[in-house]
Q: 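This structure is in structure tokens; I'll ask about it shortly.
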Amino acid sequence: MEEEEQQSQVSDAFQCSGDHLRLPLRNLVQGLREVASQLREGESWKWDDFDMQFFWKTLDECFKAISQEATKLSLVFSKPPLPSVQDCQKLSAEIQKHVLNLVSVYYWLHKSQGLTLRRLVRDATIDVVEGVIQLLNVILNTPLQSLSQDQLTSTGGVWEACDHLSKIPKDNHEAVLSLMSSYSTIVEDALEEMKQAQQTEDADPFSDIFEDDDSHLRENRDTYWSEEDKQVMAPCLALLKAAKACLRKVSGAVKTHGRVDSSQSITQLDDLCDITSEISPSVDELALSLYPPMSYITVQMNAESLASVLKKALEITKSSHVCPESESSWLQFLSGAIDHNMDKVKDLTQSNS
């Protein structure tokens with residue numbers, strides 16, 4: 001009995017020690033959640049003598065320190081002996097210090113350096129903070145002195161977030177180009193999917209779904225394109241191709257002529273990024289509405305929406321510094337192609353309704 005009581009006392013003491021160790025981590029999680037929330041809303045300070053090179057150098061030091069502290073934190077709680085309460089408090093304080101340093105450096109980046117760049121840095125900074133929170137939560141919910149797969153994954157998540165922060169674009173010009181590239185990929189994927197759907201047997205986009213004994217179901221108007229549908233699709237696909245061309249040409253103009261040497265140029269790049277970000281969602285909406293059963297009213301509405309976004313993108317490009325006289329010919333050609341195909345969509349959808 002005495003031996004059982006002693007074991008129970010040791011167990012209670014260990015449990016008490018674990019609770020004391022977890023308290024600094026819980027407090028840290030709460031503090032970091034507030035930091036992440038403020039990051040989403042906070043405004044940056046404006047420095048008259050802002051040095052972009054020094055900014056990136058300091059930011060690099062911050063995320064390297066966080067990556068190291070995350071590794072140290074994970075290792076400390078993965079095997080015996082447990083750290084003392086004082087050591088745990090010290091470790092928590094170090095992590096908090098480095099995260100706050102990272103956030104402070106982010107706030108150096110004023111929106112005058114480019115809203116697109118600032119959003120990328122902000123999102124990457126939030127990812128680092130949330131990665132640390134995730135790691136802390138895993139440690140809090142894992143038996144002490146054990147290394148779980150979740151803990152390894154969460155530690156790797158912090159490393160990955162820090163690595164991503166080190167590789168993001170270094171000025172607004174690079175930031176806008178990187179996002180335009182991602183928009184182009186989405187549009188190309190949507191266009192490729194439509195091409196593949198057209199190439200399916202008997203122009204039936206659902207032919208791979210039905211078994212041979214279900215072939216009678218494909219006689220249903222809801223599962224294939226009629227001849228009228230195919231006529232409507234032609235100018236719609238041309239609009240999708242115009243969207244792809246628009247992104248490619250605007251991105252090329254930005255790459256060749258884009259500058260970050262004045263507030264006006266930086267703002268114009270942001271405007272171009274904002275309008276081109278609307279292209280891929282509009283492409284998706286039009287592409288989805290082309291699948292049977294096709295609603296001509298919906299197709300026309302989505303085609304008009306895409307055409308409007310494309311025309312606006314061309315107008316903003318034309319009035320910006322990325323569009324010297326040498327770029328004017330493709331602007332006129334694309335504008336005319338958009339109008340021509342939009343007129344055909346209207347004629348066909350109204351006549352076939």
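All values reported here derive from a predicted model rather than from experimental measurement.
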Q: Output yes when Lys97 and Glu94 qualify as a salt bridge under the 4.0 Å nitrogen-oxygen rule, no when they do not.
A: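 Counted as a salt bridge, because a side-chain N and a carboxylate O are separated by less than 4.0 Å.
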Q: Check for me, please, whether Val138 and Leu28 land in the same ILVMFWY cluster - side-chain distances under 4.5 Å, paths through other members count.
A: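 No; Leu28 is not reachable from Val138 via cluster members.
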Q: If you count the non-hydrogen atoms of other residues, nucleotides and ligands that lie under 6.0 Å from CZ in Phe50, is the total more than 12?
A: yes
Q: Given 3.5 Å as the limit, does a donor-acceptor pair link the side chain of Gln151 with the main chain of Ser74, or not?
A: yes
Q: Working note: Trp56 + Val121, criterion side-chain contact (heavy atoms from CB on, under 4.5 Å); need CA distance, chi angles, decisive distance, verdict.
A: CA-CA 11 Å; Trp56 286 111; Val121 178; 3.9 Å; yes
Q: Measure the acute angle between the ring planes of Trp108 and Phe55, then classify it against the limits of 30° and 60° as parallel, tilted or perpendicular.
A: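 Tilted.
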Q: Within this structure, what is the CG-CG distance for the pair Leu310 and Leu306, rounded to the nearest 0.5 Å?
A: 4.5 Å
Q: If only atom types and distance count, is the side chain of Asp229 paired as donor or acceptor with the main-chain N or O of Ser226 below 3.5 Å?
A: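 Present.
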Q: Indicate yes or no: at least one non-hydrogen side-chain atom of Leu331 is less than 4.5 angstrom from one of Cys323.
A: yes
Q: So which heavy atom on Val260 is nearest to which on His173, and how close?
A: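 Heavy-atom minimum between the residues: CG1-N, 3.6 Å.
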Q: Just wondering, do Lys346 and Glu304 contact through their side chains at under 4.5 Å, heavy atoms?
A: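 With C-beta onward as the side chain, the pair touches.
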Q: Where the side chain of Asn172 meets the backbone of Leu117, is there a donor-acceptor pair that is under 3.5 Å apart?
A: yes
Q: So for atom NZ, which belongs to Lys170, do other residues, nucleotides or ligands contribute more than 12 heavy atoms lying within a distance under 6.0 Å?
A: yes
Q: Do you know which two heavy atoms are closest between Ala307 and Met342, and how far apart they sit?
A: CB-SD, 3.9 Å
Q: Mind checking whether Leu25 and Leu73 have side chains closer than 4.5 Å, heavy atoms only?
A: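 Leu25 reaches Leu73 side chain to side chain.
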Q: Within a strict 4.5 Å, meaning less than it, do heavy atoms of the Val322 and Glu327 side chains meet?
A: no
Q: Hey, is the main chain of Ala238 close enough, under 3.5 Å, to the side chain of Asn341 for a donor-acceptor pair?
A: no
Q: Would a 4.5 Å heavy-atom cut-off, applied to side chains only, mark Asp271 and Ile275 as touching?
A: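 Counting from C-beta outward, Asp271 and Ile275 never come under 4.5 Å.
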Q: Measuring from Thr317:OG1 to Lys312:NZ, what's the distance to the nearest 0.5 Å?
A: 12.0 Å
Q: For Pro83 and Val76, which heavy atoms make the closest approach, and how far apart are they?
A: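 Reported closest heavy-atom pair: CG-CG1, 3.3 Å.
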Q: Assess whether side-chain contact (heavy atoms from CB on, under 4.5 Å) is satisfied between Leu288 and Asn302, documenting all intermediate values.
A: CA-CA 10 Å; Leu288 287 173; Asn302 289 336; over 6 Å; no
Q: Consider only side-chain N and O atoms of Lys244 and Ser184, and report whether a donor and an acceptor are under 3.5 Å apart.
A: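 There is no such pair between these side chains.
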Q: When you check the gap from the basic side-chain N to the acidic O, do Arg119 and Asp274 get nearer than 4.0 Å?
A: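 Salt bridge between Arg119 and Asp274, a charged N being under 4.0 Å from a carboxylate O: yes.
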Q: Closest approach of Asn137 and Arg33, non-hydrogen atoms and distance?
A: ND2-NH2, 3.6 Å
Q: Output yes when a side-chain donor or acceptor of Ser92 lies under 3.5 Å from a complementary backbone atom of Cys88, and no otherwise.
A: yes
Q: Evaluate the side-chain proximity of Ile186 to Val283: yes if any heavy-atom separation is below 4.5 Å, no if none is.
A: no
Q: Salt-bridged, Glu315 to Lys318, with N to O below 4.0 Å?
A: no
Q: Which heavy atom of Met194 sits nearest to which heavy atom of Ala287, and what is that distance?
A: SD-O, 3.7 Å
Q: Do Leu286 and Ser289 come within less than 4.5 Å of each other through their side chains, counting heavy atoms only?
A: yes
Q: Checking Ser305 side chain against Met301 main chain: does a donor-acceptor pair fall under 3.5 Å?
A: no
Q: For Tyr224 and Pro292, which heavy atoms make the closest approach, and how far apart are they?
A: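 Smallest interatomic distance, heavy atoms only, reads O-CB, 3.5 Å.
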Q: So, does Ser335 use its side chain to make a donor-acceptor pair with the main chain of Gln332 at under 3.5 Å?
A: no
Q: Return the NZ to CD1 distance between Lys72 and Ile95, rounded to the nearest 0.5 Å.
A: 8.5 Å
Q: Supply the atom-to-atom distance Asp150 CG to Thr155 OG1, rounded to the nearest 0.5 angstrom.
A: 10.5 Å
Q: Do Leu100 and Leu165 share a hydrophobic cluster (ILVMFWY, side-chain heavy atoms under 4.5 Å, transitive)?
A: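 Result: yes, single cluster for both.
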Q: Do Leu109 and Phe54 sit in one hydrophobic cluster, given that two such residues count as connected whenever their side-chain heavy atoms are within less than 4.5 Å of each other, even indirectly?
A: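 In one cluster with Leu109: Phe54, yes.
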Q: Please walk me through it: do Met233 and Trp225 pass side-chain contact (heavy atoms from CB on, under 4.5 Å)?
A: CA-CA 9 Å; Met233 281 187 69; Trp225 284 301; 3.4 Å; yes
Q: Answer yes when Lys64 and Glu61 have at least one side-chain N-carboxylate O distance shorter than 4.0 Å, and no when they do not.
A: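 So Lys64 does not pair with Glu61 through a salt bridge.
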Q: According to a 4.5 Å side-chain heavy-atom criterion applied to Ile, Leu, Val, Met, Phe, Trp and Tyr, with indirect links allowed, do Val309 and Tyr183 form part of one hydrophobic cluster?
A: yes
Q: Could you see if Val132 belongs to whatever hydrophobic cluster contains Trp159? Use Ile, Leu, Val, Met, Phe, Trp, Tyr and a side-chain cutoff under 4.5 Å.
A: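 Cluster IDs for Val132 and Trp159 differ.
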Q: For His340, check side chain to side chain donor-acceptor pair (under 3.5 Å) against everything at least two apart and list the hits.
A: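 In terms of side chain to side chain donor-acceptor pair (under 3.5 Å), with neighbours along the sequence ignored, His340 is linked to no residue.
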Q: Hey, what do you get for CG (Leu23) to CG (Leu140), rounding to the nearest 0.5 Å?
A: 10.0 Å
Q: Please say whether more than 12 non-hydrogen atoms of neighbouring residues, nucleotides or ligands are located less than 6.0 Å from CD in Gln53.
A: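 No.
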Q: Would a distance-only check, ignoring hydrogens and angles, find a side-chain to backbone donor-acceptor pair under 3.5 Å from Gln268 to His321?
A: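 Side chain of Gln268 to backbone of His321: a pair is present.
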Q: Could you tell me the separation between the SG atom of Cys273 and the CG atom of Leu179, rounded to the nearest 0.5 Å?
A: 4.5 Å
Q: Between Ser351 and Leu348, is there a donor-acceptor pair closer than 3.5 Å when you use the side chain of the first and the backbone of the second?
A: yes
Q: Quick one: do Leu177 and Glu174 satisfy side-chain contact (heavy atoms from CB on, under 4.5 Å)? Show the steps, please.
A: CA-CA 5 Å; Leu177 282 174; Glu174 290 183 20; 5.8 Å; no
Q: Measure the shortest side-chain to side-chain distance between Leu102 and Tyr106 over non-hydrogen atoms and say whether it is less than 4.5 angstrom.
A: no
Q: Without swapping roles, check the side chain of Ser37 against the backbone of Glu34 for a donor-acceptor pair under 3.5 Å.
A: no
